[in-house]
Amino acid sequence: MYAAPVDLSFKNISSLTDTWIEEPNSGLRPLKKNSEMKYLSCSLRLNNNNITELHDLQKTVSHFLAQPAHLTWLDLSFNKITHIDHVLCELRELRVLYLHGNSIFILSEVDRLGVLPHLHTITLHGNVIETNKAYRNRVITVLPRLKTMDFSAITRQERVLAKIWHQSNSRSIQKKA
């Protein structure tokens, strides 16, 4: 199902519940609906808004998509999100997640996304976590199925370096204990 994304970008949305009264932007490809007036899409764009909390994400996905469990592509870039909410971990079919240009500041919260079995693309640049020296190594280590991070392919060499970083980091923690 490669239909057009449901595009709710640039709507000045502060709360996900605000989206429920919005009409998606029209794009080059027309959006198709089922008999229940839900969109036949597996992609949702909520970028360039003022969203701070994601706790109503499942309801929002269900409100718009005919098959919410099949959400594979989610764009939450350029919002005001400060945490990687556990609700993202419920999106089991997610393959692409854009979180760049937010205010995420706890690098270890990325670990939560390790439960997503199909996640192969993520963007996190433009968040406070990007300033952490361990940023790229940590993300590559905790999300081993990633192919692309921050619009850049993950190389074999990066995987090796991330593994070495992880092993040396694990030893340092064990010595302190």
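In this chain, residues are counted from 1 in sequence order. Quick note: numbers below take in every heavy atom, side chains included, and nothing from hydrogens, waters or symmetry partners.
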Where do Ile122 and Tyr98 land on the side-chain contact (heavy atoms from CB on, under 4.5 Å) test, with the steps shown first?
CA-CA 6 Å; Ile122 194 166; Tyr98 292 166; over 6 Å; no
For side-chain contact (heavy atoms from CB on, under 4.5 Å), just list the numbers for Leu65 and Val6, CA-CA rounded to whole Å, side-chain angles, deciding distance to a tenth of an Å, and then say yes or no.
CA-CA 8 Å; Leu65 302 186; Val6 175; 3.7 Å; yes
Output, in order, the C-alpha distance, side-chain angles, deciding distance and verdict of side-chain contact (heavy atoms from CB on, under 4.5 Å) for Cys42 and Leu71.
CA-CA 4 Å; Cys42 57; Leu71 179 68; 5.7 Å; no
side-chain contact (heavy atoms from CB on, under 4.5 Å) between Thr148 and Ile154: does it pass, once the steps are laid out?
CA-CA 5 Å; Thr148 308; Ile154 296 170; 5.9 Å; no
Side-chain donor-acceptor pairs under 3.5 Å in residues 53-60, sequence neighbours left out?
| from | atom 1 | to | atom 2 | distance (Å) |
| --- | --- | --- | --- | --- |
| Gln58 | NE2 | Glu90 | OE1 | 3.1 |
| Thr60 | OG1 | Trp20 | NE1 | 3.1 |
| Thr60 | OG1 | Asp56 | O | 2.9 |

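Closest approach of Arg159 to Ile140, counting heavy atoms only: NH1-CG2, 4.1 Å. Minimum heavy-atom separation, Gly101 to Asn127: N-ND2, 4.0 Å. The minimum heavy-atom distance between Ala66 and Asn34, with the atom names listed, is CB-ND2, 3.3 Å. Closest of all the heavy-atom pairs between Asn102 and Ile81 is OD1-N, 3.0 Å.
There is a side-chain donor-acceptor pair under 3.5 Å between Asn50 and Asn12. His83 and Glu109 are linked by a side-chain donor-acceptor pair at a separation below 3.5 angstrom, with hydrogens and angles left out of the test. Side-chain polar atoms of Ser15 and Thr17 form a donor-acceptor pair below 3.5 angstrom. For the residue pair Lys11/Asn25, the side-chain donor-acceptor check at 3.5 Å is satisfied.
For the atom pair CG (Leu99) and CG (Leu124), the distance works out to 5.5 Å, reported to the nearest 0.5 Å. Note that the CG atom of Asn137 and the NE2 atom of His166 stand 11.0 Å from one another [nearest 0.5 Å]. Atoms CD and CZ, from Glu22 and Phe64 in turn, are 7.5 Å apart once rounded to the nearest 0.5 Å. Between Leu46 atom CG and Ser9 atom OG the span is 8.5 Å, to the nearest 0.5 Å. Rounded to the nearest 0.5 Å, atoms CG (Leu16) and OG1 (Thr19) are 5.5 Å apart. To the nearest 0.5 Å, the span separating CG on Leu116 from CZ on Arg145 amounts to 8.0 Å.
Sparse packing is recorded around NZ of Lys80, with 12 or fewer heavy atoms of other residues, nucleotides or ligands lying under 6.0 Å away.
Side-chain atoms of Asn49 never come within 3.5 Å of backbone atoms of Ile51 as a donor-acceptor pair (strictly under, hydrogens ignored). Panel note: side chain Asn132, backbone Leu107; no donor-acceptor pair is recorded below 3.5 Å. Within the 3.5 Å criterion, the main-chain N or O of Ile84 finds a donor-acceptor partner in the side chain of Arg112. The closest donor-acceptor contact from the side chain of Asn47 to the backbone of Leu76 lies at 3.5 Å or more, if one exists at all. A donor-acceptor contact shorter than 3.5 Å is absent between the side chain of Ser152 and the backbone of Met149. The backbone N or O of Ala4 lies less than 3.5 Å from a partner atom in the side chain of Ser41, making a donor-acceptor pair.
Among residue pairs with one or both ends in residues 43-52, those qualifying as salt bridge (Lys or Arg N to Asp or Glu O under 4.0 Å) are Asp7-Arg45; sequence neighbours excluded.
A salt bridge does not link Arg156 with Glu158: every distance from a Lys NZ or Arg NE/NH1/NH2 to an Asp or Glu carboxylate oxygen is 4.0 Å or more.
Thr52 places none of its side-chain heavy atoms less than 4.5 Å from the side chain of Thr82. The shortest distance between side-chain heavy atoms of Leu91 and Leu74 falls below 4.5 Å.
If you look at Phe10 and Phe78, their ring centroids are not closer than 6.0 Å. In summary, the aromatic rings of Tyr135 and His125 are positioned with their centroids too far apart to meet the 6.0 Å limit.
In this structure, Thr141 has no side-chain hydrogen bond (donor to acceptor under 3.5 Å, both in side chains) partners at least two apart in sequence or on a different chain.
Cluster annotation: Val96 and Leu146 are assigned to distinct hydrophobic clusters (Ile/Leu/Val/Met/Phe/Trp/Tyr, side-chain heavy-atom contacts under 4.5 Å, transitive). Under a hydrophobic clustering in which Ile, Leu, Val, Met, Phe, Trp and Tyr are joined whenever their side-chain heavy atoms come within less than 4.5 Å, directly or via other members, Trp73 and Val87 fall into different clusters. A continuous path of Ile, Leu, Val, Met, Phe, Trp and Tyr side chains, each step under 4.5 Å between heavy atoms, connects Val128 with Ile106, placing both in one hydrophobic cluster.
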